[in-house]
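Okay, so here's the structure we're looking at.
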Number of protein chains: 2
Amino acid sequence: MAELAPWRSPLSRALHRNRSLAYARYAQLATVQANHRPANRTVVFRGFLEDSNTLKFVTDRRSQKVEQIAENPWGVLCWYFPKTREQFRISGKLRVITATEEDADLLRLRETTWLALSEGARSQFAWPHRGQPKSESEAAFQKSVDLSTPLEEFCLLLLVPYEVDHLELREQPHHRCCYTLQSDDIWKQQALNP
Amino acid sequence: MAELAPWRSPLSRALHRNRSLAYARYAQLATVQANHRPANRTVVFRGFLEDSNTLKFVTDRRSQKVEQIAENPWGVLCWYFPKTREQFRISGKLRVITATEEDADLLRLRETTWLALSEGARSQFAWPHRGQPKSESEAAFQKSVDLSTPLEEFCLLLLVPYEVDHLELREQPHHRCCYTLQSDDIWKQQALNP
């Protein structure tokens, strides 16, 4: 089993202290578009991959980020915790796990992640192609589909961190600490000027 | 005077309905680094430039985003409003207004924006170089400086939008609308699949 990275404990603390706010599990994930402009969207944190420091999210195969990640896998999650006034910026490589994934463990993980979603969240993967001009009929959004196994469009999205920047704003001066992955599971930790 | 863009009214409504949350004025600004990886950080919305659709923020000349913007001016602000469960993604070009700005109006605006900041916020611009290894002495953070005029490091940061994507999550199915700048002050508005 991989060791927990040193930034996991301040992050767990932040999640715990902000647990009364459902949206403390929302964060903003930036990627780069093919035209070299940035993209940014709110995503929901779905926990860590077991025995690892990899973060889990879900996405739709038809979303623009899937295309962007195929061209440029680098992403950065900016995560602000309102109650404790702190920010984590988690940089790393993104990986999309689709229905055709060859790794059996990841494919199973895609399925268990699907089953952990609410029915409402699952049914969104049966909606018409997102980002396209609005489909005329409301019926297109109310198709009755079998939600017991993952829909084709459902993807697991993994962020494998290599750098974490933690900024705490509660005190003057602020506190800032940067964690950088050196090699397998070895993280360098350094206090920075805020 | 420029006309207000059609996305200004839903954005004003969101700001109004979320006004009880101080952090509803915080949003995440993504840029692209020289190595083609994304960067992302929380910024504080400081209002609009008078008679325009340009958003105002402040930044430190020594921050990495200033370097990034000099190489690639494209940015996107991802703004999530917790109370009303809606997201605005505002894409556009960024511009940094420093002490050596040649446009007299913008230079004046830099000064008035400085004066509108709290003393605590102003004093941060006298702190040691941010992002560098932590300065030993706490005294470096407590220098007594004249804060009546903008410190050299203080910059105004402007985002001139060309596309705004508004997503509302309150209802099933969600609502999504995209606004694109066609030419001077002419915005095209289109409902999209959420």
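Values below: all heavy atoms of this structure, side chains included; hydrogens, waters and symmetry mates excluded. Below, chains carry the letters A, B, ... as their sequence lines are ordered, and counting in each starts from 1.
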Exceeds 12 heavy-atom contacts within 6.0 angstrom, atom CD of B/Gln182: yes
Engaged part of A/Thr31 at the chain B interface, taking heavy atoms whose separation is under 4.5 Å: backbone
Heavy-atom check, side chain of A/Gln124 versus side chain of B/Gln172, under 4.5 Å: yes
Taking every non-hydrogen atom, the tightest pair across B/Pro38 and A/Ala30: CG-O, 3.5 Å
B/His174 and A/Trp127, any side-chain heavy atoms less than 4.5 Å apart: yes
N/O donor to acceptor pairs below 3.5 angstrom from side-chain atoms of residues 74-83 of chain A, sequence neighbours left out:
{"unit_1": "A/Trp79", "atom_1": "NE1", "unit_2": "A/Ala24", "atom_2": "O", "d": "2.8"}
{"unit_1": "A/Lys83", "atom_1": "NZ", "unit_2": "A/Ser20", "atom_2": "OG", "d": "2.7"}

Linked, directly or transitively: B/Leu106 and B/Leu94 (ILVMFWY side chains, under 4.5 Å): no
Engaged part of A/Ala27 at the chain B interface, taking heavy atoms whose separation is under 4.5 Å: neither
Heavy atoms of other groups near B/Asp103 CG, more than 12 under 6.0 Å: yes
Cluster overlap B/Leu109 with B/Leu115, hydrophobic side-chain contacts below 4.5 Å: no
side-chain hydrogen bond (donor to acceptor under 3.5 Å, both in side chains) involving A/Asp105 - partner list, sequence neighbours excluded: A/Arg108
Sidechain-backbone polar pair: A/Gln132 side chain, B/Asn193 backbone, donor-acceptor under 3.5 Å: no
Over 12 foreign heavy atoms within 6.0 Å of CD, A/Glu101: yes
Heavy-atom pairs under 4.5 Å with chain B, option from A/Arg37, A/Arg130, A/Arg41 with the top count: A/Arg37
Residues in side-chain contact (heavy atoms from CB on, under 4.5 Å) contact with B/Ala121, at least two apart in sequence or another chain: B/Leu117, B/Ser118
Contact winner vs chain B - A/Cys178, A/Ala191, A/Pro173, heavy-atom pairs under 4.5 Å: A/Pro173
Neighbourhood of chain B inside residues 149-167 of chain A, taking heavy atoms under 4.5 Å as contact: A/Tyr162
Exam field: side chain B/Gln190 to backbone A/Pro133, donor-acceptor pair closer than 3.5 Å: no
Within 6.0 Å of CD in B/Gln189, more than 12 heavy atoms from elsewhere: yes
Student check: side-chain heavy atoms of A/Leu192 and B/Lys134 closer than 4.5 Å: no
Atom of A/Arg89, atom of B/Asn40 and distance for their closest heavy-atom approach: CD-O, 2.9 Å
Heavy-atom neighbours of A/Glu168 CD exceed 12 at 6.0 Å: yes
A/Leu181 reachable from A/Phe88 in the ILVMFWY side-chain graph, under 4.5 Å edges: yes
